[in-house]
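The structure appears right after this line, and notes come after that.
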Amino acid sequence: MTEDSVLLAETVAADEVEWEGPASHSDSDAALYLELDGWEGPLDLLLDLARRQKVDLKSISILSLVDQYIRYIEQAEALRLEIAADYLVMAAWLAYLKSALLLPKDEQEDPSPEELALRLQLRLERLGAMRDAAARLMARDRVGRDVFVRGAPEGLRVLRKNQWQCDWFQLVRGYGQVKLRTEPVVHMVRERPVMTIDSAIDRLSAMLGVSVDWMEIRHFLPKDADPRLQRSALASSFVAALELARLGKAEIRQEIAYGPLHVRRATP
Amino acid sequence: MSHEMDDLLRAVEATLFASEEPLSAEQISAHLEGADVREALRELETHYAGRGIALVERGRRWHFQTAPDLAHLLRREKEQLRRLSRAATEVLAIIAYHEPVSRAEIEAIRGVQTSAGTLDVLMEAGWVRAAGRREVPGRPVIYATTNDFLSHFGLASRKDLPGIDELKAAGLLDPVEDAFDDMMEQQAAEAEEKREEGAKTGSMDEMGVAGEEDWGDQASALEKPDQSV
Amino acid sequence: MSHEMDDLLRAVEATLFASEEPLSAEQISAHLEGADVREALRELETHYAGRGIALVERGRRWHFQTAPDLAHLLRREKEQLRRLSRAATEVLAIIAYHEPVSRAEIEAIRGVQTSAGTLDVLMEAGWVRAAGRREVPGRPVIYATTNDFLSHFGLASRKDLPGIDELKAAGLLDPVEDAFDDMMEQQAAEAEEKREEGAKTGSMDEMGVAGEEDWGDQASALEKPDQSV
């Protein structure tokens with residue numbers, strides 16, 4: 001167990017009055033008994049006990065501090081005061097520390113009790129330093145207590161005024177965009193070379209009369225034609241082939257999906 | 001001189017300074033264990049005459065205030081340059097080409113609803129004014145441009161605005177990427193915000209430089225209109 | 001003299017006087033169209049020295065306040081300051097002297113957990129702020145004091161914290177573990193020296209004695225912390 005375990009809940013009943021410094025050394029020990037709720041935890045109590053040794057924190061006697069703390073807790077117990085667990089934990093740890101300090105040196109474990117005591121002392125010093133610093137800080141000339149700022153300042157206001165920026169070009173372009181956006185939409189379909197379904201049917205019928213073998217549909221298309229006309233002719237010829245098949249004039253065959261499409265004259 | 005200032009004078013000065021309201025000589029005196037403060041008040045009044053702070057007596061009660069001629073420091077106006085949004089620019093253009101025009105007509109021409117703030121901005125800028133009401137049911141307010149509008153855009157009259165044919169010839173009726181425009185606008189708005197923050201931290205320099213850049217952007221847009229449309 | 005007071009001086013005086021909060025030189029400058037106000041501030045500071053009002057600089061921000069020695073005249077009947085609990089004053093001091101500092105570090109010094117309300121009270125008062133996170137596992141929030149803290153306690157900067165130089169020199173602002181390690185190192189060095197001496201005389205007894213004195217050495221090291229840091 002180390003002193004690190006001595007991190008405990010803050011005493012809720014901590015005095016609400018402004019902290020004006022450590023307890024004065026003239027306090028009688030008797031006053032201590034009634035103040036258990038006033039401590040901010042065991043370290044706080046230890047610090048006050050240490051301060052009662054009336055020596056610099058650097059040269060306090062840890063052994064006598066331990067004795068005082070344990071005695072204090074025992075007395076409080078005797079008076080049946082409710083003692084928070086953290087005080088008891090600290091008491092137990094200090095009792096352990098004390099026995100270790102009194103044991104012969106060569107039976108020590110690591111860390112040595114001297115090291116533990118030194119750590120405790122360093123902690124007390126640091127807490128003591130901060131407590132003194134807090135007291136000195138609170139004693140400074142504070143605004144609203146010792147010094148005052150102006151009671152009724154007029155206040156500074158900055159009113160922002162927008163200066164809008166726009167120029168001729170942006171204005172005119174803006175109008176152009178409105179006009180463009182709202183212009184009626186007219187669709188013009190460009191004239192394209194097409195093969196109508198009717199002419200495709202005629203063409204296909206005529207060509208089927210010439211041959212009896214399966215022919216790929218592409219061979220029915222006009223060769224060397226404009227590619228756009230080729231596309232139209234393919235589409236129209238396909239529809240024409242379907243139409244002829246429906247009329248029982250042609251047969252259509254396709255061996256695999258997306259494969260070439262073959263057409264031949266229907267054989268009744 | 002101030003180091004030998006007498007204690008009463010210092011006390012009166014401090015009391016008046018810290019007080020939340022004007023105090024009569026009697027009130028100050030009561031506060032300072034009955035001392036006679038009249039002379040101290042006169043002395044302070046003289047001392048502060050011509051400074052940035054003045055001690056003044058109003059209705060037999062005294063208080064410190066900022067010197068009246070420096071009142072403009074308390075309510076400072078700061079101008080900031082702001083670029084007109086695309087929507088506002090379009091509305092302005094529609095008013096300029098079609099005035100006088102009601103809001104419903106503007107919306108009909110733009111093909112989108114116009115937020116209430118847009119017309120406010122144009123009126124704040126001083127370019128648009130309410131020009132009466134249209135004598136139709138609902139009597140809508142109609143808007144027109146102002147003389148400030150003409151001078152700001154360097155126009156002798158509204159007739160100077162280019163016609164549709166001219167716009168077409170100048171390529172101004174070619175489609176532009178609206179999304180790109182919006183993005184640029186957003187960037188500008190963000191830059192503006194940053195600038196405002198800069199102003200809050202008190203840097204006047206940033207304000208100045210940012211203003212310059214604003215104009216620079218516009219100038220380059222004017223120089224290369226073909227690239228931006 | 002006052003009638004020939006220069007305009008900038010008057011403007012700076014009026015601005016500070018009218019402001020509801022302390023202003024940095026940069027803020028004043030921004031308010032006064034970028035004028036360099038540093039010299040004016042120094043001049044005003046000198047002018048007001050010894051008067052009932054003083055111009056003070058706190059954390060690089062300036063404000064007027066009443067002279068501290070007049071506190072007895074001005075103290076209001078009703079204490080306006082919110083009373084701080086003992087825990088809060090202690091936590092405030094720890095943050096001020098150690099900043100930036102995590103809650104765990106505060107607790108290590110105080111030996112008790114800090115209730116949630118304590119830091120809230122200090123942050124609500126505007127004296128403490130979260131100042132980022134410490135880049136260690138768990139990334140704990142670290143706390144620091146604010147400019148308002150400096151203003152309230154009349155500190156020009158953190159260097160003005162009462163006794164901070166002494167505390168630093170004494171190593172009392174270092175964590176216990178660091179101080180402990182330093183001390184151990186020093187002790188080891190001293191033990192080495194002794195052992196060398198002991199080896200020279202060859203006496204085993206003396207070695208034993210040196211061991212006994214170990215604790216005494218720690219005490220003396222504590223007495224002269226300036227040597228150990």
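Throughout, protein chains are lettered first and strands after them, A, B, ... in sequence-line order, and every chain is numbered starting at 1.
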>> For B:Ile94, which atoms come within 4.5 Å of any heavy atom of chain A: side chain, backbone, both, or neither?
In response: both
> Heavy-atom distance under 4.5 Å to chain A: side chain of B:Val91, backbone, both or neither?
Replying inline: neither
> Can you list the steps and then say if B:Arg61 with B:Glu57 is a salt bridge (Lys or Arg N to Asp or Glu O under 4.0 Å)?
Replying inline: CA-CA 5 Å; B:Arg61 300 202 305 163; B:Glu57 185 183 6; over 6 Å; no
> Relative to chain A, which segment of B:His98 carries a heavy atom at a distance below 4.5 Å: side chain, backbone, both, or neither?
Replying inline: side chain
>> Quick test of your reading of the model: are B:Glu107 and B:Arg110 salt-bridged, counting only N-O distances below 4.0 Å?
In response: no
> Does a donor on one side chain and an acceptor on the other come within less than 3.5 Å for A:Gln170 and B:Thr89?
Replying inline: no
>> I'd like to verify something: which residue of B:Ala14, B:Gly126, B:Ala125 has the highest number of heavy-atom pairs under 4.5 Å with chain A?
In response: B:Ala125
> Salt bridge between A:Arg52 and A:Asp48, side-chain N to carboxylate O under 4.0 Å?
Replying inline: yes
>> Quick check on the interface: out of B:Thr66, B:Leu92, B:Leu122, who has the most heavy-atom pairs with chain A under 4.5 Å?
In response: B:Thr66
> Among B:Leu73, B:Val112, B:Leu16, B:Val121, who wins on heavy-atom pairs under 4.5 Å with chain A?
Replying inline: B:Val121
>> Is B:His63 in contact with chain A via its backbone, its side chain, both, or neither, using a 4.5 Å heavy-atom distance?
In response: neither
> So which part of B:Leu155 gets closer than 4.5 Å to some heavy atom of chain A, the side chain, the backbone, both or neither?
Replying inline: side chain
> Which atoms form the tightest heavy-atom contact between A:Leu124 and A:Leu46, and what is the distance?
Replying inline: CD2-CB, 3.9 Å
> Do B:Tyr48 and B:Phe64 have ring centres separated by under 6.0 Å?
Replying inline: yes
